[in-house]
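Working notes, structure below.
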2 protein chains.
Amino acid sequence: MDTSAIFTQEPSEPGSVRREATAAILAAAERVFSRGGFEAARMAEIAAEAGLPKANLHYYFGTKERLYAAVLEDIVTQWLDAAAEWIVPERHPAEALSGYVRAKLADARVRPGASRIFAGELLRGAPLVMPFLRGELRRRVEAMGRVIESWSARGLMDKVAPAHLFFAIWAMTQTYADFDVQIRAVLGEDGAHEDETFAAATATVTALVLKGCGVHAAA
Amino acid sequence: MDTSAIFTQEPSEPGSVRREATAAILAAAERVFSRGGFEAARMAEIAAEAGLPKANLHYYFGTKERLYAAVLEDIVTQWLDAAAEWIVPERHPAEALSGYVRAKLADARVRPGASRIFAGELLRGAPLVMPFLRGELRRRVEAMGRVIESWSARGLMDKVAPAHLFFAIWAMTQTYADFDVQIRAVLGEDGAHEDETFAAATATVTALVLKGCGVHAAA
DNA sequence: GTCTATATGAAGATAGAC
DNA sequence: GTCTATCTTCATATAGAC
């Protein structure tokens, strides 16, 4: 073991302890909140997973609700990027929609907890994310809706109700994270067939969206 | 007011008080559990909505968990009937799938609380409905899957992964109950355009399913 | 800045009168 | 069978030593 790092180490960059602690707390909180939502989560459990005393959580975040809000903020921020990357007028709808579906399904698989926390927040009536839903999300859906309409106008796909198409895509993809337990139970999974399940899900959802919207194969 | 009913009334049919009380408790419990799931629900709140003292809930149902289980049982029982009515080999898939989608969307609109309670239970990891998922539901999906495959074999629709098709249908329809708050926020609803929203949802989901599965119009 | 030990309040459950 | 009053438990939050 190289112990020289002790000597070459910076004399504690300001906020480095804070940054590591808050990062550990946020990661632990995402895991715990994803299991049973806000109410079921216990501050003591989050503290234990973060490897810190319970009092530190209150020191850094004040209340349970503010910690939960910080986790939600994290999730929502990353949420919008995938859509902005794929749903752009320059792409052909075949590429855009299949790419978006694939990205959403991959995210549901890699980071199911984030989707579940968001789902739980909506089920509760969205007390905390309501401003986001009515503001930023609504504007994004309107903008993406105009992209869809431009594709329809160019004859690249059928006319559809754009917002409802997004509701459908979100529902079909996020169900693999949110209701994962149901899917495993019905398919009788022991975890061994994960790759086939993912492939079948991708094929099914992509086909429903592309053929369902009458998207012509890209030239 | 006709007070003669006091005299003509039966001398209290056995169990009628019990039946009315348990029905009131179950109805109140479904409303309260649908708002924030098991953990967030308060026995005092259910009692208040049922118009009964809190102790009566414990008298009739023992614990909060058993009351919750009774509500879930109610929901799950009604759950399977719609599927059994529509997904049968005698029907043409165009009629069967569109009828099933319409029934699920109508249910999501009329009884959104039931869908939300089930969603919350799945999000928690399905501690109580797991036996149902692995047993009855799994068998039903397998049976309905054979119906789908028979339609494909007869050339009435494309070959699809039947279980994933059902996951997609459930997701797209139940999202209108579970994430109702998000849909209203994005569409900017004040409750005035409910009928148009329902019509657009039905049209969009039906088109995605029928065209997505390559179902030919019924002869 | 960090953590132990404790206060405070709330919710599920029950004892016991009616 | 019904309900009031109370017990018990436990989770959030904080006070105060280090």
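Reminder, nothing fancy here: chain letters follow the sequence lines and each chain counts from 1.
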For residues 128-138 of chain B, please give each side-chain donor-acceptor pair under 3.5 Å, one per line with the distance, not counting sequence neighbours.
residue: B:Glu136; atom: OE1; partner: B:Arg139; partner atom: NH2; Å: 3.3
residue: B:Glu136; atom: OE2; partner: B:Arg140; partner atom: NE; Å: 2.9
residue: B:Glu136; atom: OE2; partner: B:Arg140; partner atom: NH2; Å: 3.3
residue: B:Arg138; atom: NE; partner: A:Val186; partner atom: O; Å: 3.4
residue: B:Arg138; atom: NE; partner: B:Glu142; partner atom: OE2; Å: 3.4

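- Considering every non-hydrogen atom in both B:Ala29 and B:Val71, the closest pair reads CB-CG2, 3.7 Å.
- B:Cys213 and B:Leu165 get closest at one heavy-atom pair: SG-CD1, 3.7 Å.
- We find that CD of B:Glu20 is positioned 11 Å from P of D:dT2, with the value rounded to whole Å.
- Only A:Pro53, A:Ala55, A:Asn56, A:Tyr59, listed by number, bring a heavy atom of residues 42-59 of chain A to less than 4.0 angstrom from any atom of DNA chain C.
- Contacts between residues 62-74 of chain B and DNA chain C, defined by a heavy-atom separation under 4.0 Å, are made by B:Thr63, B:Lys64.
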Let me have the donor-acceptor pairs involving side chains of residues 49-62 of chain B, under 3.5 Å, with sequence neighbours excluded, atom names and distances please.
residue: B:Glu49; atom: OE1; partner: B:Arg31; partner atom: NE; Å: 2.7
residue: B:Glu49; atom: OE1; partner: B:Arg31; partner atom: NH2; Å: 3.2
residue: B:Glu49; atom: OE2; partner: B:Arg35; partner atom: NH1; Å: 3.3
residue: B:Glu49; atom: OE2; partner: B:Arg35; partner atom: NH2; Å: 2.8

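- Nucleotide D:dG1 holds its C1' atom 9 Å from the CZ atom of B:Arg18, rounded to whole Å.
- Distance B:Phe38 CZ to C:dG12 P: 8 Å, rounded to the nearest Å.
- Within the 4.0 angstrom heavy-atom criterion, no nucleotide atom of any strand lies near B:Ala40.
- Under the 30°/60° scheme for interplanar angles, the aromatic rings of A:His164 and B:Tyr176 are found to lie parallel.
- Contacts classified as side chain to side chain donor-acceptor pair (under 3.5 Å) and involving residues 61-79 of chain B (residues at least two apart or in different chains) are given here: B:Tyr68-B:Glu121, B:Gln78-B:Arg111.
- The shortest distance between the side-chain N/O atoms of B:Tyr60 and the OP1/OP2 oxygens of D:dG1 is not below 4.0 Å.
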Side-chain donor-acceptor contacts of residues 194-205 of chain A below 3.5 Å, not counting sequence neighbours, with atom names and distances?
residue: A:Glu194; atom: OE2; partner: A:Arg184; partner atom: NH2; Å: 3.3
residue: A:Asp195; atom: OD1; partner: A:Arg109; partner atom: NH2; Å: 2.7
residue: A:Thr197; atom: OG1; partner: A:Glu189; partner atom: OE2; Å: 2.6
residue: A:Thr197; atom: OG1; partner: A:His193; partner atom: O; Å: 3.2
residue: A:Thr202; atom: OG1; partner: A:Phe198; partner atom: O; Å: 2.8
residue: A:Thr204; atom: OG1; partner: A:Ala200; partner atom: O; Å: 2.8

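- Nearest heavy-atom pair, B:Thr173 versus B:Ala108, reported as atom, atom and distance to 0.1 Å: O-CB, 3.8 Å.
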